[in-house]
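All values below were derived from every heavy atom in this structure, side-chain atoms included, with hydrogens, water molecules and symmetry-related copies excluded. Lettering follows sequence order; numbering is per chain, from 1.
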2 protein chains.
Amino acid sequence: MRGSTKRKILDLAESLLQRRGYNAFSYHHLSQELGIKNAAIHYHFPTKEALGLQIIERTRDRFSKWTNHPEHRILPTKDQFDWFIKSYQYNLNSDNRVCLIGSLATDYYTIPVSMQSAIHKLSYEVQIWTARLLDSGRQAEELSFKGRAQDKALNIISSLAGSLQLARLLGNEYHYRVVKQIYIDLNLT
Amino acid sequence: MRGSTKRKILDLAESLLQRRGYNAFSYHHLSQELGIKNAAIHYHFPTKEALGLQIIERTRDRFSKWTNHPEHRILPTKDQFDWFIKSYQYNLNSDNRVCLIGSLATDYYTIPVSMQSAIHKLSYEVQIWTARLLDSGRQAEELSFKGRAQDKALNIISSLAGSLQLARLLGNEYHYRVVKQIYIDLNLT
DNA sequence: GTCTATACCTTGATAGAC
DNA sequence: GTCTATCAAGGTATAGAC
């Protein structure tokens with residue numbers, strides 16, 4: 001992974017995947033942008049499936065590392081939630097990428113089974129973490145909402161995924177408005 | 001439009017677009033399923049762009065027809081909102097399609113400019129209608145929420161688009177939970 | 001690790017017969 | 001309106017030299 005070329009391929013592929021979708025980026029895009037030939041990419045990632053899979057696994061790993069870090073787990077609910085929101089806005093400010101889950105969910109029935117399985121795991125992990133954060137935050141009275149924490153979590157995750165997509169059509173400010181509304185609805189200010 | 005073949009092509013293409021995305025359905029898919037040759041499809045829709053465009057325009061037309069119908073405009077806020085929600089659930093129950101806006105928003109940077117423009121118009125119209133419904137509903141005290149109607153509208157639309165996508169990963173019941181949470185947050189029951 | 005060269009497939013699209 | 005036949009372009013992937 002420290003191999004510079006391999007990492008560059010992975011970074012660029014991730015970016016293209018979230019900007020154009022799985023079926024609309026090619027080895028040619030990658031090779032041209034990186035100034036190498038497509039055979040070189042196949043050396044590092046034998047198949048497109050292997051490449052796609054590593055993109056997902058790396059994201060899972062990042063998410064897991066942050067959320068399981070001892071120093072992060074003891075942060076106030078708001079700080080943890082802010083971090084979560086920021087991870088979406090990083091995409092927005094990087095060429096209007098949509099989130100990985102949203103991108104692969106719309107391509108779901110066209111991607112290899114191994115990738116379906118991996119993105120399923122990621123979405124499950126995100127959902128569990130968010131639900132727990134909301135639940136403990138409500139118990140600690142750091143925020144408030146009605147209904148079940150899991151339902152509210154799903155509602156927020158859907159909202160964030162969708163708002164990155166709508167931002168492409170209606171402008172980036174719409175994402176920020178959606179986020180503002182989320183904070184309002186949680187009484188988290 | 002009454003032409004049976006043309007309509008069948010449009011229906012099937014719409015379905016494939018919302019299930020697989022713009023770049024993952026082909027004239028071959030259409031011709032095989034309809035039992036005709038790809039040249040016949042090109043007769044009705046000279047280019048894929050023309051086909052994609054008509055799909056969007058038809059959806060815009062449907063939306064406009066319903067929302068501008070005099071009998072619908074005087075319905076209680078809840079009834080109009082219920083109709084809106086049902087239009088998403090129709091997709092969910094038809095082969096787990098995502099909504100047209102969500103599908104084309106993730107493919108946005110890979111579709112022809114004419115389609116970008118059309119889907120932009122649709123999303124704008126949906127946003128305006130939803131914001132007005134929420135605003136007048138709140139004034140009539142048929143529902144309640146904090147913040148601006150436009151922001152809440154965007155929040156709900158994003159949520160609905162996203163939940164159809166997440167439903168593919170986490171199961172259809174998650175969409176219904178998101179919807180339930182939306183009603184709870186609006187005090188609309 | 002990266003290259004050249006190439007195989008093989010799918011794609012959107014067109015020409016012209018019927 | 002639909003067909004057969006065909007095309008050029010772009011896609012993933014592999015073999016083998018360097």
Next on the checklist: Can you measure A:Leu51 atom CG to D:dG11 atom C1' for me and round it to whole angstrom units?
Outcome noted: 15 Å

Item to check | Selected nucleotide, minimal atom distance to B:His28 side chain, candidates C:dG1, D:dT2, C:dT11 | outcome: C:dT11

Item to check | Interatomic distance, B:Tyr43 OH vs C:dA17 C1' [rounded to whole Å] | outcome: 16 Å

Checklist entry - What distance do B:Phe84 atom CZ and B:Phe63 atom CZ have between them, rounded to the nearest 0.5 Å? => result 6.0 Å

Checklist outcome for this item: Taking C:dT14, D:dA13, C:dT2 as options, the one with an atom nearest any side-chain atom of A:His42 is D:dA13

Checklist entry - Do the ring centers of A:Phe81 and A:Tyr183 come within less than 6.0 Å of each other? => result yes

Item to check | Atom pair distance, as rounded to whole Å: CD1 in B:Ile9 and P in C:dG12 | outcome: 14 Å

Checklist entry - Does a donor on one side chain and an acceptor on the other come within less than 3.5 Å for B:His120 and B:Ser117? => result no

Next on the checklist: I'd like to know if B:Arg58 and B:Asp11 make a salt bridge, using a cut-off of under 4.0 Å between side-chain N and carboxylate O.
Outcome noted: yes

Checklist entry - Roughly how many Å is it from NZ in B:Lys48 to C1' in D:dA9, rounded to a whole number? => result 14 Å

Checklist entry - What is the nucleic acid contact for B:Lys37, judged by heavy atoms within less than 4.0 Å: base, sugar-phosphate only, or nothing? => result base

Checklist entry - Is A:Asp82 paired with A:Lys78 through a side-chain N to carboxylate O contact shorter than 4.0 Å? => result yes

Item to check | With sequence neighbours excluded, residues passing side chain to side chain contact (heavy atoms under 4.5 Å, CB included) with B:His44 | outcome: B:Thr5, B:Lys6, B:Ile9

Checklist entry - Which of residues 19-27 of chain A sit near DNA chain D, with a heavy atom under 4.0 Å from it? => result A:Phe25, A:Ser26, A:Tyr27

Checklist entry - Rounded to the nearest Å, what distance is computed from the CG atom of residue B:Asn38 to the C1' atom of nucleotide C:dT14? => result 10 Å

Checklist entry - Hey, does the side chain of B:Thr5 come within less than 4.0 Å of D:dT2's phosphate (OP1/OP2), counting only N and O? => result yes

Item to check | Separation of C:dT11 P from B:His29 NE2 (nearest whole Å) | outcome: 6 Å

Checklist entry - Atom CZ of A:Phe45 to atom C1' of D:dA13: distance rounded to whole Å? => result 16 Å

Checklist entry - At what distance, to the nearest 0.5 angstrom, does CD1 of A:Ile182 lie from CD1 of A:Ile157? => result 10.0 Å

